[in-house]
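Source: prediction; values computed, not measured. Numbering starts at 1 and runs along the sequence shown.
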Amino acid sequence: MDRKLLLIILDGVPWRNWRRLFGNLEGWVDSGDAQRWKVRSVLPSTSASCYASIHTGVTPQDHGCTGNSNVFRLAQPDIFSQVRKAGGITGAVTHSFWSEFFNRAPFDLVRDIEYDEPDSPTINHGRFHTMTGYGLINQTTPADIDLFATLTMLCDRFGLNYGILHTCTLDSMGHRFGHECREMDHACFQADEQLALFINRWRADGYEIIVTADHGQTDRGHHGGREELQQDAALYYFGPATGPDFDDRLDQLQIAPTILSRLGAPIPETMKAEVFLT
(Lines give C-alpha, C1' and ligand atoms only; values in the text may rest on other atoms or scores of the structure.)
Protein backbone atom coordinates (compact mmCIF):
# COMPACT_ATOMS: atom_id res chain seq x y z
CA MET A 1 0.00 0.00 0.00
CA ASP A 2 1.44 3.36 -1.02
CA ARG A 3 -1.39 5.65 0.07
CA LYS A 4 -1.71 7.29 3.49
CA LEU A 5 -4.60 8.83 5.43
CA LEU A 6 -5.22 10.09 8.96
CA LEU A 7 -8.65 10.30 10.62
CA ILE A 8 -8.86 12.90 13.41
CA ILE A 9 -11.93 12.71 15.65
CA LEU A 10 -12.61 15.53 18.09
CA ASP A 11 -15.34 14.09 20.26
CA GLY A 12 -18.62 15.93 20.80
CA VAL A 13 -18.43 19.06 18.62
CA PRO A 14 -21.71 20.28 17.06
CA TRP A 15 -21.83 21.71 13.53
CA ARG A 16 -22.25 25.31 14.64
CA ASN A 17 -19.10 25.24 16.79
CA TRP A 18 -16.97 23.99 13.92
CA ARG A 19 -18.16 26.79 11.67
CA ARG A 20 -17.79 29.65 14.15
CA LEU A 21 -14.88 28.62 16.39
CA PHE A 22 -12.36 26.64 14.29
CA GLY A 23 -10.72 29.49 12.43
CA ASN A 24 -7.76 27.55 11.06
CA LEU A 25 -9.91 24.78 9.58
CA GLU A 26 -12.37 27.29 8.15
CA GLY A 27 -9.49 29.36 6.78
CA TRP A 28 -8.22 26.34 4.88
CA VAL A 29 -11.70 25.90 3.42
CA ASP A 30 -11.66 29.53 2.29
CA SER A 31 -8.20 29.13 0.72
CA GLY A 32 -9.22 25.97 -1.15
CA ASP A 33 -6.87 23.70 0.82
CA ALA A 34 -9.74 21.82 2.48
CA GLN A 35 -13.31 20.84 1.73
CA ARG A 36 -16.04 20.77 4.38
CA TRP A 37 -19.45 19.13 4.71
CA LYS A 38 -22.07 18.55 7.37
CA VAL A 39 -22.21 14.94 8.59
CA ARG A 40 -25.01 13.32 10.59
CA SER A 41 -24.30 10.64 13.20
CA VAL A 42 -26.09 7.37 13.70
CA LEU A 43 -28.62 6.81 16.47
CA PRO A 44 -28.07 6.60 19.32
CA SER A 45 -25.71 9.56 19.04
CA THR A 46 -23.71 8.13 21.92
CA SER A 47 -19.93 8.07 21.79
CA ALA A 48 -19.20 4.33 21.76
CA SER A 49 -22.03 3.61 19.33
CA CYS A 50 -20.70 6.26 16.96
CA TYR A 51 -17.10 5.02 17.23
CA ALA A 52 -18.25 1.55 16.22
CA SER A 53 -20.29 2.87 13.28
CA ILE A 54 -17.57 5.22 12.02
CA HIS A 55 -15.16 2.30 11.69
CA THR A 56 -17.48 -0.52 10.58
CA GLY A 57 -19.84 1.46 8.37
CA VAL A 58 -22.91 -0.21 9.91
CA THR A 59 -25.55 1.09 12.31
CA PRO A 60 -25.69 0.37 16.05
CA GLN A 61 -28.73 -1.74 15.29
CA ASP A 62 -26.39 -3.97 13.24
CA HIS A 63 -23.15 -3.97 15.25
CA GLY A 64 -24.94 -4.10 18.60
CA CYS A 65 -23.16 -1.39 20.61
CA THR A 66 -26.03 0.44 22.29
CA GLY A 67 -23.93 2.81 24.40
CA ASN A 68 -20.80 3.40 26.46
CA SER A 69 -21.65 0.62 28.91
CA ASN A 70 -21.86 -1.98 26.13
CA VAL A 71 -18.36 -2.24 24.64
CA PHE A 72 -17.10 -5.53 23.21
CA ARG A 73 -15.06 -6.93 20.31
CA LEU A 74 -17.13 -6.20 17.21
CA ALA A 75 -17.78 -8.90 14.63
CA GLN A 76 -17.99 -6.78 11.46
CA PRO A 77 -15.06 -5.94 9.17
CA ASP A 78 -13.64 -2.50 9.91
CA ILE A 79 -11.16 0.01 8.54
CA PHE A 80 -8.21 -1.49 10.42
CA SER A 81 -8.85 -5.05 9.27
CA GLN A 82 -9.40 -4.05 5.66
CA VAL A 83 -6.26 -1.91 5.54
CA ARG A 84 -4.29 -4.81 6.96
CA LYS A 85 -5.72 -7.16 4.30
CA ALA A 86 -4.39 -4.75 1.68
CA GLY A 87 -0.91 -4.79 3.22
CA GLY A 88 -1.11 -1.46 5.05
CA ILE A 89 0.22 -0.51 8.48
CA THR A 90 -2.29 0.82 11.03
CA GLY A 91 -2.05 2.89 14.19
CA ALA A 92 -4.39 4.34 16.80
CA VAL A 93 -4.05 7.06 19.45
CA THR A 94 -7.48 6.90 21.04
CA HIS A 95 -9.71 6.09 23.95
CA SER A 96 -9.41 2.45 24.97
CA PHE A 97 -12.87 1.67 23.54
CA TRP A 98 -11.28 1.59 20.08
CA SER A 99 -8.84 -1.14 21.15
CA GLU A 100 -11.70 -3.17 22.64
CA PHE A 101 -13.88 -2.79 19.56
CA PHE A 102 -11.23 -3.58 16.98
CA ASN A 103 -8.44 -5.59 18.63
CA ARG A 104 -9.34 -7.43 21.83
CA ALA A 105 -11.66 -7.10 24.81
CA PRO A 106 -11.76 -6.60 27.70
CA PHE A 107 -9.09 -3.91 27.80
CA ASP A 108 -6.12 -4.86 29.99
CA LEU A 109 -4.43 -1.77 31.39
CA VAL A 110 -0.93 -3.25 31.43
CA ARG A 111 -1.11 -5.32 28.25
CA ASP A 112 -3.08 -2.91 26.07
CA ILE A 113 -2.25 0.64 27.14
CA GLU A 114 0.56 0.65 24.56
CA TYR A 115 1.47 -2.01 22.03
CA ASP A 116 3.37 -2.59 18.82
CA GLU A 117 2.20 -5.75 17.06
CA PRO A 118 3.42 -5.83 13.44
CA ASP A 119 1.52 -9.03 12.68
CA SER A 120 -1.82 -7.92 14.12
CA PRO A 121 -4.72 -8.28 11.65
CA THR A 122 -6.18 -5.00 12.94
CA ILE A 123 -4.24 -2.38 14.96
CA ASN A 124 -0.46 -2.63 14.62
CA HIS A 125 0.57 0.29 16.82
CA GLY A 126 -1.72 1.42 19.64
CA ARG A 127 -1.43 4.14 22.27
CA PHE A 128 -4.55 4.36 24.43
CA HIS A 129 -6.06 6.21 27.37
CA THR A 130 -8.99 5.10 29.54
CA MET A 131 -10.17 8.29 31.30
CA THR A 132 -10.72 6.16 34.42
CA GLY A 133 -12.31 8.29 37.14
CA TYR A 134 -13.88 10.73 34.69
CA GLY A 135 -16.31 13.24 36.22
CA LEU A 136 -17.25 16.90 36.30
CA ILE A 137 -14.51 17.74 38.78
CA ASN A 138 -11.73 15.82 36.99
CA GLN A 139 -12.08 15.28 33.23
CA THR A 140 -9.06 12.91 33.15
CA THR A 141 -8.37 13.77 29.51
CA PRO A 142 -4.85 13.85 28.04
CA ALA A 143 -3.60 17.10 26.51
CA ASP A 144 -4.65 17.19 22.86
CA ILE A 145 -1.26 18.40 21.69
CA ASP A 146 0.34 15.34 23.35
CA LEU A 147 -2.03 13.09 21.41
CA PHE A 148 -1.29 14.90 18.12
CA ALA A 149 2.43 14.50 18.80
CA THR A 150 2.01 10.81 19.65
CA LEU A 151 0.22 10.11 16.37
CA THR A 152 2.96 11.97 14.51
CA MET A 153 5.58 9.87 16.29
CA LEU A 154 3.83 6.67 15.19
CA CYS A 155 3.68 7.93 11.61
CA ASP A 156 7.38 8.79 11.62
CA ARG A 157 8.54 5.67 13.42
CA PHE A 158 6.40 3.03 11.74
CA GLY A 159 5.28 4.53 8.43
CA LEU A 160 1.55 4.26 9.07
CA ASN A 161 -0.71 4.00 6.05
CA TYR A 162 -3.76 4.58 8.22
CA GLY A 163 -3.82 6.28 11.59
CA ILE A 164 -6.67 7.45 13.79
CA LEU A 165 -6.59 9.99 16.61
CA HIS A 166 -9.50 10.45 18.98
CA THR A 167 -9.71 12.95 21.82
CA CYS A 168 -12.53 13.49 24.31
CA THR A 169 -11.48 16.94 25.53
CA LEU A 170 -14.27 18.95 23.90
CA ASP A 171 -16.94 16.37 24.66
CA SER A 172 -15.89 16.48 28.32
CA MET A 173 -15.87 20.28 28.30
CA GLY A 174 -19.38 20.23 26.83
CA HIS A 175 -20.68 17.88 29.51
CA ARG A 176 -19.16 20.14 32.16
CA PHE A 177 -19.97 23.62 30.84
CA GLY A 178 -22.39 23.24 27.91
CA HIS A 179 -21.67 24.90 24.58
CA GLU A 180 -22.82 28.51 24.91
CA CYS A 181 -20.11 29.75 27.24
CA ARG A 182 -16.65 31.31 27.34
CA GLU A 183 -15.08 28.06 28.52
CA MET A 184 -16.19 26.25 25.36
CA ASP A 185 -15.23 29.14 23.10
CA HIS A 186 -11.69 28.96 24.42
CA ALA A 187 -11.53 25.15 24.37
CA CYS A 188 -12.51 25.04 20.67
CA PHE A 189 -10.08 27.84 19.84
CA GLN A 190 -7.28 25.97 21.60
CA ALA A 191 -8.08 22.65 19.89
CA ASP A 192 -8.10 24.37 16.49
CA GLU A 193 -4.79 26.10 17.17
CA GLN A 194 -3.06 22.94 18.42
CA LEU A 195 -4.38 20.81 15.58
CA ALA A 196 -3.23 23.38 13.03
CA LEU A 197 0.37 22.92 14.19
CA PHE A 198 0.26 19.39 12.77
CA ILE A 199 -1.98 19.67 9.67
CA ASN A 200 0.74 21.07 7.42
CA ARG A 201 3.29 18.57 8.72
CA TRP A 202 1.02 15.62 8.01
CA ARG A 203 0.21 16.97 4.56
CA ALA A 204 3.92 17.45 3.82
CA ASP A 205 4.47 13.82 4.85
CA GLY A 206 1.99 12.69 2.20
CA TYR A 207 -1.13 12.10 4.29
CA GLU A 208 -4.68 12.84 3.29
CA ILE A 209 -6.54 14.05 6.38
CA ILE A 210 -10.13 13.86 7.57
CA VAL A 211 -11.13 15.87 10.64
CA THR A 212 -14.58 15.33 12.14
CA ALA A 213 -16.57 14.54 15.30
CA ASP A 214 -18.44 11.44 16.37
CA HIS A 215 -21.55 13.47 17.24
CA GLY A 216 -22.69 16.93 18.30
CA GLN A 217 -23.85 18.17 21.69
CA THR A 218 -26.55 20.48 23.07
CA ASP A 219 -26.18 23.66 25.10
CA ARG A 220 -26.94 21.53 28.17
CA GLY A 221 -24.09 19.19 27.24
CA HIS A 222 -26.23 16.28 26.10
CA HIS A 223 -26.13 13.89 23.15
CA GLY A 224 -27.53 10.46 22.41
CA GLY A 225 -30.85 11.27 20.76
CA ARG A 226 -32.31 12.69 17.57
CA GLU A 227 -31.66 16.41 17.10
CA GLU A 228 -29.46 18.49 14.83
CA LEU A 229 -27.38 19.74 17.74
CA GLN A 230 -26.87 16.19 19.00
CA GLN A 231 -26.22 14.50 15.65
CA ASP A 232 -24.73 17.01 13.20
CA ALA A 233 -21.01 17.79 13.00
CA ALA A 234 -18.58 18.98 10.35
CA LEU A 235 -16.21 16.89 8.26
CA TYR A 236 -13.10 18.51 6.77
CA TYR A 237 -11.03 16.80 4.10
CA PHE A 238 -7.48 17.69 3.05
CA GLY A 239 -6.37 15.92 -0.10
CA PRO A 240 -6.62 15.68 -3.88
CA ALA A 241 -10.06 14.02 -4.13
CA THR A 242 -13.29 15.90 -4.73
CA GLY A 243 -16.57 15.45 -2.90
CA PRO A 244 -20.23 16.40 -3.22
CA ASP A 245 -21.66 19.90 -3.17
CA PHE A 246 -21.22 21.85 0.05
CA ASP A 247 -24.97 21.75 0.72
CA ASP A 248 -25.06 17.95 0.71
CA ARG A 249 -25.16 16.29 4.13
CA LEU A 250 -23.05 13.18 4.58
CA ASP A 251 -24.08 10.05 6.45
CA GLN A 252 -21.62 8.90 9.12
CA LEU A 253 -21.74 5.41 7.58
CA GLN A 254 -20.04 6.80 4.47
CA ILE A 255 -16.78 7.48 6.33
CA ALA A 256 -15.48 3.90 6.50
CA PRO A 257 -15.94 2.91 2.84
CA THR A 258 -14.63 6.30 1.72
CA ILE A 259 -11.42 5.89 3.72
CA LEU A 260 -10.91 2.39 2.33
CA SER A 261 -11.49 3.72 -1.18
CA ARG A 262 -8.89 6.44 -0.71
CA LEU A 263 -6.35 3.89 0.57
CA GLY A 264 -7.05 1.34 -2.15
CA ALA A 265 -8.21 -1.27 0.36
CA PRO A 266 -11.13 -3.66 -0.26
CA ILE A 267 -14.56 -2.45 0.83
CA PRO A 268 -16.46 -5.31 2.50
CA GLU A 269 -20.05 -6.14 1.58
CA THR A 270 -21.21 -4.99 5.01
CA MET A 271 -20.30 -1.36 4.18
CA LYS A 272 -23.21 -0.37 1.96
CA ALA A 273 -23.04 3.45 2.21
CA GLU A 274 -21.84 5.43 -0.81
CA VAL A 275 -18.22 6.56 -1.10
CA PHE A 276 -18.23 10.37 -1.09
CA LEU A 277 -14.70 11.19 -2.29
CA THR A 278 -13.50 10.51 -5.84
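Around the CZ atom of Arg111, the shell of radius 6.0 Å holds more than 12 heavy atoms that belong to other residues, nucleotides or ligands. Within 6.0 Å of CZ in Arg20 there are more than 12 heavy atoms belonging to other residues, nucleotides or ligands. Around CZ of Phe72, the count of heavy atoms belonging to other residues, nucleotides or ligands within 6.0 Å exceeds 12. Enclosure of atom CZ in Arg220 is not indicated, since only 12 or fewer non-hydrogen atoms of other residues, nucleotides or ligands lie within 6.0 angstrom. The local environment of CZ in Arg19 is crowded, with over 12 non-hydrogen atoms from other residues, nucleotides or ligands closer than 6.0 Å. Shown here is Glu183, whose CD atom has more than 12 heavy atoms of other residues, nucleotides or ligands within 6.0 Å.
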- Decide yes or no on side-chain contact (heavy atoms from CB on, under 4.5 Å) for Cys65 and Phe101, but give the supporting numbers first. CA-CA 9 Å; Cys65 175; Phe101 278 141; 3.6 Å; yes
- May I have the step-by-step check of side-chain contact (heavy atoms from CB on, under 4.5 Å) for Leu253 and Ser53, ending in yes or no? CA-CA 6 Å; Leu253 301 182; Ser53 290; 4.0 Å; yes
- Message: One pair to check against ring-ring contact (aromatic ring centres under 6.0 Å, His included): Phe238 and Trp202. What are the steps and the verdict?
- Response: CA-CA 10 Å; Phe238 295 78; Trp202 295 333; 9.5 Å; no
- Begin with the C-alpha distance, continue with both residues' side-chain angles, and end with the deciding distance and a verdict on side-chain contact (heavy atoms from CB on, under 4.5 Å) for Thr90 and Thr122. CA-CA 7 Å; Thr90 64; Thr122 56; 6.0 Å; no
- Message: Applying salt bridge (Lys or Arg N to Asp or Glu O under 4.0 Å) to Asp146 and Arg127, what does each step give before you reach the verdict?
- Response: CA-CA 11 Å; Asp146 292 348; Arg127 305 291 186 270; over 6 Å; no
- Task: Check step by step if side-chain contact (heavy atoms from CB on, under 4.5 Å) holds for Leu235 and Ile255.
- Result: CA-CA 10 Å; Leu235 185 147; Ile255 294 175; 4.0 Å; yes
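Proximity of Gln231 to Leu43: side-chain heavy atoms (C-beta onward) are separated by under 4.5 Å at one or more points. At least one side-chain heavy atom of Phe107 sits less than 4.5 Å from a side-chain heavy atom of Ile113. Between Asn17 and Gln217 the shortest side-chain heavy-atom distance does not fall below 4.5 Å. Side-chain contact check for Ile54 versus Asp214: some heavy-atom pair is nearer than 4.5 Å. Using a 4.5 Å cut-off on side-chain heavy atoms (C-beta onward), Thr150 and Met153 make contact. Within the 4.5 Å cutoff, the side chain of Phe102 has heavy atoms near those of the Leu74 side chain. Contact annotation: the side chain of His179 never approaches that of Met173 to less than 4.5 Å [non-hydrogen atoms, C-beta and beyond]. Side chains of Asp116 and Phe158 form a contact here, defined as non-hydrogen atoms less than 4.5 Å apart.
A salt bridge links Arg36 with Glu26; the closest basic N to acidic carboxylate O contact falls under 4.0 Å. Between Arg104 and Glu117 there is a salt bridge, with a side-chain nitrogen of the basic residue lying less than 4.0 Å from a carboxylate oxygen of the acidic one. Salt bridge annotation for Asp251-Lys272: absent, with no cationic side-chain nitrogen under 4.0 angstrom from a carboxylate oxygen. A salt bridge does not link Arg16 with Glu228: every distance from a Lys NZ or Arg NE/NH1/NH2 to an Asp or Glu carboxylate oxygen is 4.0 Å or more.
Judged by distance alone, the side chains of Ser99 and Asp112 never bring a donor and an acceptor atom under 3.5 Å apart.
Side-chain atoms of Ser45 do not come within 3.5 Å of backbone N or O of His223 as any donor-acceptor pair. The backbone N or O of Ala234 lies less than 3.5 Å from a partner atom in the side chain of Thr212, making a donor-acceptor pair. Not a single donor-acceptor pair under 3.5 Å links the side chain of Asp11 to the backbone N or O of Thr169. Of the possible polar contacts, one joining the Tyr207 side chain to the Leu160 backbone as a donor-acceptor pair under 3.5 Å is found. Side-chain atoms of Asp78 come within 3.5 Å of backbone atoms of Phe80 as a donor-acceptor pair (strictly under, hydrogens ignored). Under the 3.5 Å distance criterion, the side-chain polar atoms of Ser49 are matched with a main-chain donor or acceptor of Gly67. No donor-acceptor pair closer than 3.5 Å links the side chain of Ser261 to the backbone N or O of Pro257. Counting only distance, with no hydrogens or angles, the side chain of Asn103 and the backbone of Ile123 share no donor-acceptor pair below 3.5 Å. With hydrogens and angles disregarded, a donor-acceptor distance shorter than 3.5 Å links the side chain of His175 to the backbone of Gly221. In this structure, Gln252 contributes its side chain and Val42 its backbone to a donor-acceptor pair below 3.5 Å.
To the nearest 0.5 Å, atoms CH2 (Trp28) and CD1 (Ile209) are separated by 8.0 Å. Note that NE2 of His166 is 7.0 Å distant from NE2 of His95, once rounded to the nearest 0.5 Å. Distance OG1/Thr141 to CE/Met131: 6.0 Å, rounded to 0.5 Å. The line from CG of Asn161 to CG of Asn124 is 9.5 Å long, rounded to the nearest 0.5 Å. Between the CG atom in Asn24 and the CG atom in Asp33 there is a gap of 11.5 Å [rounded to 0.5 Å]. Atoms OH and CD, from Tyr236 and Gln35 in turn, are 13.0 Å apart once rounded to the nearest 0.5 Å.
The shortest heavy-atom contact between Asp232 and Lys38 is OD2-CD, 3.5 Å. Here the closest heavy-atom approach between residue Leu21 and residue Cys188 is recorded as CB-CB, 3.8 Å. Across all their heavy atoms, Ile79 and Met271 have their closest contact at N-CE, 4.3 Å. Minimum interatomic distance between Pro44 and Cys50 (heavy atoms only, all atoms of both residues): O-SG, 4.0 Å. Closest heavy-atom contact between Gly88 and Met1: CA-SD, 3.9 Å. When all heavy atoms of Glu100 and Pro106 are compared, the pair lying nearest together is OE2-CA, 3.6 Å.
Evaluated for a side chain to side chain contact (heavy atoms under 4.5 Å, CB included) with Phe148, the options Leu197, Ile8, Val93 yield exactly one hit, Ile8.
Note on Leu250 and Ile210: same hydrophobic cluster, where clusters join Ile, Leu, Val, Met, Phe, Trp and Tyr whose side-chain heavy atoms are under 4.5 Å apart, directly or indirectly. Tyr237 and Leu151 are not part of a single hydrophobic cluster, where members link through side-chain heavy atoms under 4.5 Å apart. No continuous path of hydrophobic side-chain contacts links Trp37 to Trp15 [ILVMFWY only; heavy atoms under 4.5 Å].
Less than 6.0 angstrom separates the ring centroid of Tyr51 from the ring centroid of Trp98. You'll find the ring centres of His55 and Tyr162 inside the 6.0 Å limit.
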